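Nothing here was measured: the structure is a model prediction, and the numbers come from that model. We name chains A, B, ... by the order of the sequence lines, and we start the count at 1 in each one. The analysis underlying the following values was restricted to heavy atoms, covering all of them including side chains, and did not include hydrogens, waters or symmetry mates.
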Amino acid sequence: MSEHIFALIDCNSFYCSCERVFQPALNNKPVVVLSNNDGCAIARTPEAKALGIKMGTPEFMIRKDKTMRQTHIFSSNYTLYGDMSQRVQDVVREFAPECEVYSIDELFVKLEKYKLIGVVEHARAMREAVLKWTGIPTGVGIGPTKTLAKIANHLAKNTPDCGGVFSLMEEGTRNLILDEFPIEEMWGIGKASTAKLNAMGIHTAGQLRDMPARQARQYGTVVAERTILELRGISCIPLEEIPPVRKGTAVTRSFGKPVTSLDELKQAISTHAARGAEKMRHHGVIAGRIRVFMHTNKYRNTPQFYGVECGSLRPYTNDTRQIIREAMRLTEIVFRGGIEYGKCGIILEDLLPASEKPQDLFSDDMPHSPNLMKALDSINKRHGRNTLQMAGMGLNKKWKQRSERRSPCYTTRIDDVPIVRAI
DNA sequence: TCTGGGGTCCTAGGACCC
DNA sequence: TCTGGGGTCCTAGGACCC
């Protein structure tokens, strides 16, 4: 039986690296990128980590703290990151056509074909090409299963002198490493599992790998069993080259400041509903159900409230008007006065490819919908999001989030393309 | 005294991921 | 003053059906 060879390519501090590509003066300086609403740090460079900034450190703490304040802070710019991600993928595919896009900054590939020329050398060449052609630094971990490739990737980033590539294909090395590797750093082992395993005396990946079957059953689920087999080098999680069809899609946001009025809530929900409909059209799907929710800010010391209501969409649709209509009906049901809301959103469920739309005898169809929506989308694509919108979405959107330090869309907006001048 | 068994669907909640 | 958003999978329990 021929052995699998998985590699995981992971972009280093991806969002920060994207910002650095266009501001090279920030290399070797602490940089963070904030969440939506400029709430907290979601990406940090090693220099920022060294200052004590953690994943989720609030923005105001970074700004106030004496050592942290030297950090360069960016609002998140998903248009830029999405485009840079696409460029990284394009380079990786040239070196490894069997490729799964695992997240915006991670790709799994299979490398069996490169065994003769040397898998590690090939990975190194790929990594250098990604850096040269996109400006994004990466780490590559190699192993006989995805779980082991993930661990190898962790080592690639934290082992000086490995040139950004680490392989766990060789069994001897693997055993030595796993005996030292803490379980809480493993893929699929979160807080709850760590506590459970620690209580059983399991602290390292090596101990987990050698756990007797009886004890393993006591510990957990199918997922745990799979992880243990993967640690033993038996591949249970295959490469998924074709992304599975989404089951649902959500648009949710915190408010820039607390919202109390039904009017503003309706504006926000209809804005999210319109964005949800747009996302569905982009993916060529329709929804059979929509859920609307709103809740208070859990960090504030005010009476807490969480409300949610679900309604069906018949016929299945991705038409902005129908989605907003149902969302407004649900909003009025859920809404309660006298509450300071912190966040709201919509979730579209029961998604189907638009081509598989169920026939429906009892509800009116909108024959002109596809063309109208197409026109709406192309106008907004050319002139910017919500250039053309439904009246209910509101014009001044006072509830909107902050995003004060967003960088330009260097690679996707012609007005934002950097200009190089010869001196 | 005796009181089936198996299946589906739905929802809620937990855990985990990036 | 200020603490993200968007996903997946699994399990348990209730309702309902034959």
Any non-hydrogen side-chain atom of [X] less than 4.5 Å from a side-chain atom of [Y]?
X        : Y        : result
A:Lys150 : A:Phe108 : yes
A:Arg275 : A:Arg253 : no
A:Leu168 : A:Phe166 : yes
A:Ile62  : A:Leu51  : no
A:Glu19  : A:Leu80  : yes

Under 4.0 Å, counting only non-hydrogen atoms across every strand here, what does [X] touch: a base, just sugar-phosphate, or nothing?
X        : answer
A:Ser76  : nothing
A:Ser193 : sugar-phosphate
A:Leu34  : nothing
A:Lys279 : sugar-phosphate
A:Asp38  : nothing
A:Arg226 : nothing
A:Lys257 : nothing
A:Asn36  : sugar-phosphate
A:Lys298 : nothing
A:Met186 : sugar-phosphate

Query raised in the report: What class does the angle between the rings of A:Tyr81 and A:Tyr78 fall in, given that below 30° is parallel, 30 to 60° is tilted and above 60° is perpendicular?
Result: perpendicular
Report task. Could you tell me whether A:Asp263 atom CG has more than 12 heavy atoms of other residues or ligands within 6.0 Å of it? Result -> no
Query - Exceeds 12 heavy-atom contacts within 6.0 angstrom, atom NZ of A:Lys374 - result: no
Query raised in the report: Between C:dT3 and A:Asn297, is there an OP1 or OP2 to side-chain N/O distance shorter than 4.0 Å?
Result: yes
Query raised in the report: Can a side chain N or O of A:Thr252 be found less than 4.0 Å away from OP1 or OP2 on C:dG6?
Result: yes
What nucleotide among [options] has an atom nearest to a side-chain atom of [X]?
X        : options              : result
A:Cys40  : C:dG7, C:dT3, C:dG5  : C:dT3
A:Ala250 : C:dG7, C:dG5, C:dT3  : C:dG7
A:Trp187 : B:dC18, C:dT3, C:dG7 : B:dC18
A:Asp105 : C:dG7, B:dC18, C:dG4 : B:dC18
A:Lys247 : B:dT11, C:dT3, C:dC9 : C:dC9
A:Ala192 : C:dT3, C:dG6, B:dC16 : B:dC16
A:Arg300 : B:dA12, C:dC2, C:dT3 : C:dC2
A:Lys150 : C:dG4, B:dC18, C:dT8 : B:dC18
A:Lys64  : B:dC18, C:dG5, C:dC2 : C:dC2

To the nearest angstrom, how far is [X] atom [atom1] from [N] atom [atom2]?
X        : N      : atom1 : atom2 : result
A:Arg291 : B:dC10 : CZ    : P     : 12 Å
A:Lys196 : C:dT11 : NZ    : P     : 11 Å
A:Ile62  : C:dG4  : CD1   : P     : 13 Å
A:Glu106 : B:dC17 : CD    : C1'   : 9 Å
A:Glu185 : B:dC16 : CD    : P     : 14 Å
A:Tyr78  : C:dG7  : OH    : C1'   : 13 Å
A:Ile237 : C:dC10 : CD1   : C1'   : 14 Å
A:Leu107 : B:dC17 : CG    : P     : 19 Å

Requested in this report: Show your reasoning for whether side-chain contact (heavy atoms from CB on, under 4.5 Å) applies to A:Phe293 and A:Thr252.
Outcome: CA-CA 9 Å; A:Phe293 73 84; A:Thr252 70; 3.4 Å; yes
Query - Test log, rule side-chain contact (heavy atoms from CB on, under 4.5 Å), inputs A:Met373 and A:Thr320 - result: CA-CA 8 Å; A:Met373 290 300 120; A:Thr320 302; 3.6 Å; yes
Report task. For A:Phe60 and for A:Arg246, locate the closest nucleotide of DNA chain C by heavy-atom distance; then report the residue assigned to the nucleotide nearer the 5' terminus. Result -> A:Phe60
Report summary line: Sorted by position of nearest nucleotide on DNA chain C, 5' first, the leading residue of A:Ser254 and A:Arg63 is A:Arg63
Requested in this report: Please map the stems of DNA chain B, keeping only stretches of three or more Watson-Crick or G-U wobble pairs with both distances under 3.5 angstrom.
Outcome: B:5-18 with C:5-18
Query raised in the report: What distance, rounded to whole Å, do you find between the two C1' atoms, one in C:dC16 and one in B:dG4?
Result: 16 Å
